[in-house]
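Report on the structure given below.
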Number of protein chains: 2
Amino acid sequence: MQNKIFQNFLGQKGLKMTRERFAVLEEVSSVPVHFDPEQLYARIRESGLKASRASVYRTLSLLVESGLVEKVSRSGRGNIYEHTYGRRHHDHMICDICGEIIEFYSEDLENLQLDICTSNNFKGMSHTLEIRGHCENCRR
Amino acid sequence: MQNKIFQNFLGQKGLKMTRERFAVLEEVSSVPVHFDPEQLYARIRESGLKASRASVYRTLSLLVESGLVEKVSRSGRGNIYEHTYGRRHHDHMICDICGEIIEFYSEDLENLQLDICTSNNFKGMSHTLEIRGHCENCRR
DNA sequence: GTCTAATTGAAATTAAATCTCAATTTCAGT
DNA sequence: ACTGAAATTGAGATTTAATTTCAATTAGAC
Ligand SMILES: [Mn+2]
Ligand SMILES: [Mn+2]
Ligand SMILES: [Zn+2]
Ligand SMILES: [Zn+2]
């Protein structure tokens with residue numbers, strides 16, 4: 001369970017599991033898959049839980065470091081995150097018109113990237129592929 | 001020549017070719033391939049040319065729209081751009097340690113993306129693939 | 001329970017980018 | 001070359017996302 005994973009991660013780094021960090025992790029699990037930090041902060045305030053904006057941002061960084069959350073997008077102004085617990089890696093298509101986010105995964109594509117890294121003597125550790133265009137609905 | 005292309009683009013939109021826009025385009029051609037707006041602004045100031053920060057940002061948007069410049073990524077906070085005139089599309093590997101940017105291109109990878117778009121009824125218009133990790137030098 | 005290092009939150013700060021609007025410039029029409 | 005309408009500019013204000021500061025609080029090892 002992600003709680004234990006996070007607690008473990010914190011322990012390894014000599015950090016403490018606080019009620020604020022717990023609140024952020026809790027909300028990360030119930031928020032829509034793709035979210036931004038301000039959204040998350042607003043929802044924490046609405047729910048009974050409490051955590052300051054500073055703690056939300058600070059905890060989000062820790063969650064990314066622990067692998068429970070990933071930074072998704074590099075197109076808009078602010079960052080978009082998604083929680084990854086129980087979900088496998090995938091990439092995204094984003095509709096320029098309606099903003100819909102479509103997730104996809106291709107083994108071939110992943111392998112091709114491994115090959116490219118190898119031939120460049122590069123040790124790839126993560127990647128982001130974002131395809132922008134028009135989704136099915138907006139096409140017309 | 002990119003000058004004519006930009007002038008043409010502006011004409012189509014009922015916009016004017018000003019000395020400030022010319023200065024930005026001029027500097028975009030002599031700056032390192034990958035640059036950020038503040039860098040560009042600083043260099044314009046150093047050279048004899050003139051353009052305010054506002055104009056630099058405004059012109060950069062127009063250059064992106066015209067296809068002469070592309071947004072590459074967001075390193076930390078700000079955007080990174082590159083000029084594309086006379087260069088073909090490619091993607092990037094970025095070293096987490098030294099920041100080196102390695103360009104690569106793979107026909108197979110591009111085709112695979114086309115297939116993926118097709119099978120999702122998505123009209124892909126652009127994409128960004130960024131692979132992060134450790135470069136040859138930093139590996140060790 | 002004690003103690004100490006980690007953590008918190010409100011507010012200040014930073015940084016990138018955008019906006020405002022009076023003054024200036026471009027350029028199509030003549 | 002002249003004119004005038006519309007586009008553009010720049011200094012500084014504003015917005016936005018995120019980070020920093022630091023006194024007060026808290027977690028958790030002992
Ligand atoms: Mn996703
Ligand atoms: Mn490049
Ligand atoms: Zn759409
Ligand atoms: Zn490196």
Side-chain angles (χ1 to χ4, degrees), chain A residues 3-4 6-28 31 34-45 47-66 69 71-81, chain B residues 3-4 6-28 34-45 47-66 69-81:
Chain A
N3 246 309
K4 263 278 162 277
F6 193 40
Q7 224 148 18
N8 227 56
F9 167 81
L10 292 173
Q12 300 259 320
K13 304 202 69 178
L15 304 180
K16 297 168 177 175
M17 172 50 101
T18 65
R19 89 180 78 265
E20 288 81 3
R21 284 174 180 159
F22 181 77
V24 174
L25 178 52
E26 203 61 7
E27 197 59 36
V28 159
V31 94
H34 305 105
F35 63 91
D36 68 67
E38 291 296 328
Q39 219 172 87
L40 191 68
Y41 174 57
R43 288 185 50 131
I44 288 172
R45 311 231 79 198
S47 74
L49 305 165
K50 82 176 219 342
S52 67
R53 191 192 316 283
S55 282
V56 169
Y57 278 99
R58 287 188 286 229
T59 305
L60 223 30
S61 293
L62 290 171
L63 287 170
V64 168
E65 212 183 324
S66 78
V69 166
K71 196 181 288 188
V72 166
S73 167
R74 45 207 63 263
S75 46
R77 278 180 226 134
N79 290 322
I80 303 275
Y81 295 86
Chain B
N3 245 308
K4 262 279 162 274
F6 193 40
Q7 223 148 19
N8 227 54
F9 167 81
L10 292 174
Q12 300 259 320
K13 305 201 70 178
L15 303 179
K16 295 167 179 176
M17 173 50 101
T18 65
R19 89 180 76 264
E20 288 81 5
R21 285 175 180 159
F22 181 78
V24 174
L25 178 52
E26 204 61 8
E27 197 58 36
V28 159
H34 303 106
F35 64 90
D36 68 66
E38 292 296 327
Q39 221 171 85
L40 192 68
Y41 174 57
R43 289 185 50 131
I44 287 173
R45 311 230 80 198
S47 73
L49 305 167
K50 80 176 220 341
S52 67
R53 191 192 315 283
S55 282
V56 169
Y57 278 99
R58 286 187 287 226
T59 304
L60 222 30
S61 294
L62 290 171
L63 286 169
V64 168
E65 212 184 324
S66 78
V69 166
E70 264 178 34
K71 193 182 290 187
V72 167
S73 83
R74 243 174 43 203
S75 90
R77 280 164 164 248
N79 290 321
I80 305 273
Y81 295 86

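Hydrogens, waters and symmetry mates are skipped; everything else that's a heavy atom, side chains included, is used. Reminder, nothing fancy here: chain letters follow the sequence lines and each chain counts from 1.
Both B:Lys16 and B:Arg45 lie near DNA chain D, and the one whose nearest nucleotide falls closer to the 5' end is B:Lys16. Mapping B:Tyr41 and A:Met17 onto DNA chain D via the closest heavy atom, the residue that lands nearer the 5' end is B:Tyr41.
For the pair A:Leu10 CG and C:dT8 P, the computed distance is 10 Å after rounding to whole Å. For the pair A:Leu15 CG and D:dA29 P, the interatomic distance rounds to 12 Å; values are reported in whole Å. Rounded to an integer number of Å, the gap from CD of A:Gln7 to P of C:dA6 is 18 Å. Atom CG of B:Leu60 is separated from atom P of C:dA16 by 14 Å (rounded to the nearest Å). Atom pair B:Lys71:NZ and C:dA17:C1' shows a separation of 10 Å (rounding to whole Å applied). Between the CD atom of B:Gln39 and the C1' atom of C:dA17 there is a distance of 16 Å, rounded to whole Å.
Under the side chain to side chain contact (heavy atoms under 4.5 Å, CB included) test applied with B:Val69, the options B:Val24, B:Val28, B:Leu62, B:Thr59 reduce to a single match, B:Val28.
For the OP1/OP2 pair of C:dT7 and a distance below 4.0 Å, the side-chain nitrogens and oxygens of A:Ser55 include no atom meeting the criterion. The phosphate of C:dT8 has OP1 or OP2 within less than 4.0 Å of a side-chain N or O from A:Thr18.
The structure places CD of A:Glu27 at 12.5 Å from CZ of A:Arg45, a figure rounded to the nearest 0.5 Å. For the atom pair CG (B:Asn8) and CE (B:Met17), the distance works out to 10.5 Å, reported to the nearest 0.5 Å. To the nearest 0.5 Å, the span separating CZ on B:Arg77 from CG on A:Asn79 amounts to 10.5 Å.
Heavy-atom neighbours of B:Arg43 CZ from other residues, nucleotides or ligands within 6.0 Å: above the threshold of 12.
Looking at heavy-atom distances under 4.0 Å, A:Lys13 makes no contact with the nucleic acid at all.
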| message | At under 4.0 Å between heavy atoms, how does the protein contact nucleotides 14-21 of chain D? Give one character per nucleotide, 5' to 3', with B, S or -. | response | ---BBBBB
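Side-chain atoms of B:Arg19 never come within 3.5 Å of backbone atoms of B:Lys50 as a donor-acceptor pair (strictly under, hydrogens ignored).
One finds a salt bridge joining B:Lys13 and B:Glu65 here, because a Lys/Arg side-chain nitrogen approaches an Asp/Glu carboxylate oxygen to under 4.0 Å.
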